[in-house]
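Okay, so here's the structure we're looking at.
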Amino acid sequence: MANQDNFNLTCREATHSDYDAVMKIASVDTFRDGFDYLPAKFHQWVDDPEAHVLVAEADDKMLAVSVCFATDGGAHLFSKTLRIAPELQRKRFLMGIGFEVEKALQLRLHPWQLQLERHGVADVKRPYLWKGVPNKKDICFIDVMYFQGMTGKVLESNGVHAPPSQPSVMPYQPSDMSRLARPEFFQQILSDKNTFVDWELYKLSASNLRGFLKRGVVILVDNSEPAAKSLSFGESYMTPRGRLYHVDVHCRDVALCQAHIKHHVDRACREPRQLQPDMP
């Protein structure tokens with residue numbers, strides 16, 4: 001099959017029983033160096049009415065899985081991931097399968113959803129993966145840092161041992177939204193009023209923050225007045241290499257950024273299992 005130029009692909013919605021086959025082709029042991037979210041979130045997305053989890057098959061063999069879901073109360077679509085069987089991960093196969101999966105997704109969307117702005121995070125080294133997505137534009141580029149180890153070593157490697165005068169950050173409260181919604185915060189901190197939470201793009205809104213808290217995300221904000229100067233998100237889940245704690249910091253001030261990272265890392269290491277922090 002890997003030598004064929006064309007595939008007679010069939011795309012359908014994934015079911016819970018597809019889990020083992022999906023994990024087999026998804027390269028979960030190497031994706032993000034083994035810190036892959038898919039094993040922890042596959043069943044959640046299958047049950048989510050706002051998510052489209054599609055699998056592509058040919059000759060009764062699974063070749064690809066795609067995840068796309070609505071964000072911001074249905075205002076946007078986020079393309080989370082497209083995984084293709086390892087033996088087909090060559091450019092010409094990737095593009096062909098990607099086009100077919102995208103066509104299958106569009107057939108399943110409501111007509112009004114086809115007009116929605118699509119968000120996603122892509123590897124800049126493989127821009128051809130997005131050729132099937134219309135009306136693309138770059139919003140921003142993000143830097144990613146990985147830290148692994150015990151709290152003291154992680155903090156030391158990142159130079160964030162807290163000095164006595166380190167700024168304070170605190171858990172988000174609904175009343176903090178008034179400081180986050182000020183024009184100064186958007187102008188200085190956020191691009192197009194967007195936040196990143198575990199590589200996913202969301203508009204900053206009270207309803208989104210409530211949703212993050214409901215799913216167990218830790219949200220921190222500084223106490224600056226009249227506008228906040230920083231915002232961060234942290235959450236953990238199991239991966240093939242153990243439990244991961246991701247941290248997303250939105251900030252320009254170095255000291256505030258250090259305070260956010262230290263708080264999240266300290267919290268991660270108080271969890272029942274030793275965590276592996278992943279800090280975009």
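Since this is a predicted model, take the numbers as computed values, not measurements. Every heavy atom of this structure was used, including side-chain atoms; hydrogens, water molecules and symmetry mates were not.
Taking 4.5 Å as the limit, some side-chain heavy atom of D198 sits within range of a side-chain heavy atom of Y237.
Using a 4.0 Å cut-off between charged nitrogen and carboxylate oxygen, K262 and D266 count as a salt-bridge pair. Taking 4.0 Å as the cut-off between side-chain N and carboxylate O, E235 and R215 count as a salt-bridged pair. Ion pairing of R179 with E184 is absent here, as no side-chain N (NZ or NE/NH1/NH2) approaches a carboxylate O to less than 4.0 Å. Salt-bridge annotation for R118 and E102: present, with a side-chain N of the basic residue lying under 4.0 Å from a carboxylate O of the acidic one.
Using the six-membered ring where Trp is involved, H43 and Y19 have ring planes that are parallel, under 30° apart on the 30 and 60° scheme. Taking the six-membered ring for Trp and thresholds of 30 and 60 degrees, H119 and H76 have nearly parallel ring planes, at less than 30 degrees apart.
Between V101 and S66, the closest heavy-atom pair is CG1-CB, 3.4 Å.
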H16 and D47: side-chain hydrogen bond (donor to acceptor under 3.5 Å, both in side chains), yes or no, with the steps? CA-CA 9 Å; H16 292 292; D47 286 335; 2.7 Å; yes
Could you go step by step and tell me if H260 and S230 meet the side-chain hydrogen bond (donor to acceptor under 3.5 Å, both in side chains) rule? CA-CA 9 Å; H260 279 274; S230 62; 2.7 Å; yes
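Identified under the salt bridge (charged side-chain N to carboxylate O under 4.0 Å, His left out) test for residues 70-84, with sequence neighbours left out: D36-R83, K80-E200.
Under the 6.0 Å cut-off for aromatic ring centres, Y202 and F196 do not qualify, their centroids lying 6.0 Å or more apart. Here F233 and H264 keep their ring centres 6.0 angstrom or further from each other.
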